[in-house]
Amino acid sequence: MKTMINQQNKIKINNVKNLNFNTVYEGVVINKKKGELYVDLSPFGIGRLFGMYYLQCQDIAQKVNVGDKIGVQIIGLDDSYGNLKIILKDIRQIDKWQRILECQQSKKILELEPKEANRGGLIIELEGIQGFLPVSQLTPENYPRVISNNKDQILDHLKKLIGKKLQVRIWIADPVKNKLVFSEKLAKQEIYEKILSQFQVGQIIEVKVVGYGPFGLFVRFHENPAMDGLIHLSEIPNELASDLQTNFPLGKVIKAKLVQLKIDKVNFTLKDLRPDPWLFIEDYFKENNVTKGILKEKNNIFGVVEVKVADIGEINGFVFEGIENLEIGKEYDFLIEKINPKERNLILKPVENAQIRQN
């Protein structure tokens with residue numbers, strides 16, 4: 001008996017570095033006694049279920065027989081007899097998690113109904129496993145835009161979603177921690193990305209006020225599907241920011257300028273409603289044409305030239321040749337060598353013998 005224990009210990013020690021206490025392994029029942037169960041967990045050794053752990057798992061342990069496959073989690077390296085200490089896991093539960101993980105990996109869109117609601121979100125089940133859909137992962141259509149984040153009003157809003165079919169994707173799936181989190185936003189990610197590609201930072205667009213928050217105004221900039229952004233308090237003129245609800249009633253349509261455009265963050269400003277000149281530069285300038293510009297600064301390598309874009313505004317271009325003959329603060333004629341609006345890059349070259357104009 002002692003030799004067999006030592007052999008088991010040797011197997012266990014040789015493979016201990018490959019053991020993961022958070023992993024559920026599949027083993028074969030090799031012996032069953034009253035209050036004990038032995039499972040072959042090759043190549044790691046023999047697992048033994050006993051004592052308080054047996055009582056915790058007795059519903060599963062009493063149903064299995066010698067030769068049956070069973071899910072096992074290792075909780076200790078030695079039961080004092082050379083066996084691994086184990087608890088049992090229901091293989092049916094493991095199969096459910098496997099299907100859930102496959103749904104997550106394939107980014108499958110699921111149509112599920114919330115069963116319960118709390119102030120933080122919605123309770124949803126998949127494969128008989130309870131999951132959670134946080135408020136932050138709801139789409140704008142279902143997000144509770146309530147005044148002052150009133151928790152009771154949020155809960156009342158979420159209760160209206162119980163029993164309603166929602167399209168979601170799995171955001172987090174952790175079988176070890178029994179954690180399952182859904183996202184309604186993720187189910188529309190590709191649609192959102194396509195819509196956002198139609199907008200540009202610096203663009204002036206009409207938006208509709210849909211809610212108020214501690215940091216500013218929530219505004220809707222696209223319908224079908226609904227997409228919302230934020231106008232931060234710092235981007236609202238002081239005389240208007242002091243009373244948002246009066247100055248910006250729900251449903252009011254206003255003009256705002258895009259200042260940030262990301263899948264998870266779209267921000268606007270009301271302080272500077274001039275359109276970004278770079279959005280229109282190709283309507284007014286072409287490569288190899290001549291334009292006027294004022295030299296604003298220079299060094300031994302390049303100069304910075306301010307170029308006016310019609311009545312829209314000004315942009316900066318760069319000149320690398322002939323800067324030694326240019327004076328700061330004076331206006332010159334420049335040849336446009338390169339325009340790249342996406343990179344906001346304008347390369348200029350002084351026109352020889354051009355007339356110098358004092359700014």
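In this chain, residues are counted from 1 in sequence order. Just the heavy atoms: all of them, side chains too, but no hydrogens, waters or symmetry mates, feed the values below.
In terms of modelled atom types and a separation under 3.5 Å, the side chain of Lys271 and the main chain of Ser234 share a donor-acceptor contact. Formation of a donor-acceptor pair under 3.5 Å by the Ser106 side chain with backbone atoms of Cys103 is found in this model.
The aromatic ring centroids of Phe221 and Phe199 lie less than 6.0 Å from each other.
In this structure the side chain of Glu141 never reaches within 4.5 angstrom of the side chain of Met227, judged on heavy atoms. Side-chain contact check for Asp272 versus Glu235: every heavy-atom pair is 4.5 Å or farther apart. In this structure, the side chains of Val266 and Leu230 stay at 4.5 Å or more apart for every pair of heavy atoms. For the pair Pro350 and Leu326, the minimum side-chain heavy-atom distance is below 4.5 Å. Taking 4.5 Å as the limit, every side-chain heavy atom of Val28 sits out of range of all side-chain heavy atoms of Asp68. Between Trp97 and Asn178, some side-chain heavy-atom pair lies under the 4.5 Å cut-off. Leu122 places a side-chain heavy atom less than 4.5 Å from the side chain of Leu161. Contact of the Ile170 side chain with the Phe182 side chain is registered, since non-hydrogen atoms from C-beta on lie closer than 4.5 Å.
Separation of atoms CD1 (Ile347) and CZ (Phe334) is listed at 12.5 Å; rounding is to 0.5 Å. Summarising the geometry, atom CG belonging to Asp174 is positioned 11.5 Å from atom CD1 belonging to Ile100; distances are rounded to the nearest 0.5 Å. Rounded to the nearest 0.5 Å, atoms CH2 (Trp278) and CG (Asn340) are 8.0 Å apart. The CD atom of Glu287 lies 8.5 Å from the CD atom of Glu282; values are rounded to the nearest 0.5 Å. Rounding to the nearest 0.5 Å places CD1 of Ile263 at 4.5 Å from CD of Glu193. Put simply, CZ on Arg274 and NZ on Lys257 are 6.5 Å apart, with the number rounded to the nearest 0.5 Å.
Just one of Val219, Leu217, Ile231 meets the side-chain contact (heavy atoms from CB on, under 4.5 Å) condition when paired with Phe248; it is Leu217.
Scanning both residues, Arg344 and Asp276, for their nearest heavy atoms gives NH1-OD2, 2.8 Å. Counting all heavy atoms, side chain and backbone alike, Leu101 lies closest to Pro175 at CD1-CG, 3.9 Å. Among all heavy-atom pairs drawn from Lys164 and Asn142, the shortest one is NZ-OD1, 3.2 Å. When all heavy atoms of Asn299 and Ile323 are compared, the pair lying nearest together is O-CD1, 3.2 Å. Across every non-hydrogen atom of Leu348 and Thr291, the tightest pair is CD2-CG2, 4.4 Å. Minimum heavy-atom separation, Ile301 to Phe320: O-CD2, 3.8 Å.
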So Arg169 and Glu190, salt bridge (Lys or Arg N to Asp or Glu O under 4.0 Å) or not? Walk me through it. CA-CA 12 Å; Arg169 275 179 173 157; Glu190 291 80 8; 3.1 Å; yes
Salt bridge (Lys or Arg N to Asp or Glu O under 4.0 Å) evaluation trace for Asp152 with Arg119: CA-CA 8 Å; Asp152 291 332; Arg119 289 182 174 87; 2.7 Å; yes
Assess whether salt bridge (Lys or Arg N to Asp or Glu O under 4.0 Å) is satisfied between Lys292 and Glu331, documenting all intermediate values. CA-CA 7 Å; Lys292 296 178 177 63; Glu331 185 178 76; over 6 Å; no
In sequence, state the C-alpha distance, the side-chain angles, and the governing distance for Arg48 and Glu36, and then conclude on salt bridge (Lys or Arg N to Asp or Glu O under 4.0 Å). CA-CA 7 Å; Arg48 176 176 172 239; Glu36 289 184 284; 2.7 Å; yes
Is there a ring-ring contact (aromatic ring centres under 6.0 Å, His included) between Tyr25 and Phe44 once you walk through the steps? CA-CA 10 Å; Tyr25 297 98; Phe44 303 115; 5.2 Å; yes
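Hydrophobic clustering of Ile, Leu, Val, Met, Phe, Trp and Tyr side chains at less than 4.5 Å, counting indirect connections, unites Tyr332 with Phe285. Criterion: ILVMFWY side-chain heavy atoms under 4.5 Å apart, direct or through other members. Under it, Phe268 and Leu273 are not part of a common hydrophobic cluster.
A donor and an acceptor atom, one from each side chain of Asn83 and Asp79, are located under 3.5 Å apart. Between the side chains of Asn267 and Lys262, not a single donor N or O lies within less than 3.5 Å of an accepting N or O.
With Tyr212 as the aromatic partner, Arg145 does not meet the cation-pi criteria of under 6.0 angstrom to the ring centre and within 45 degrees of the ring axis.
Using bins of under 30°, 30° to 60° and over 60° for the plane-to-plane angle, the ring pair Phe215/His232 lands in the parallel bin.
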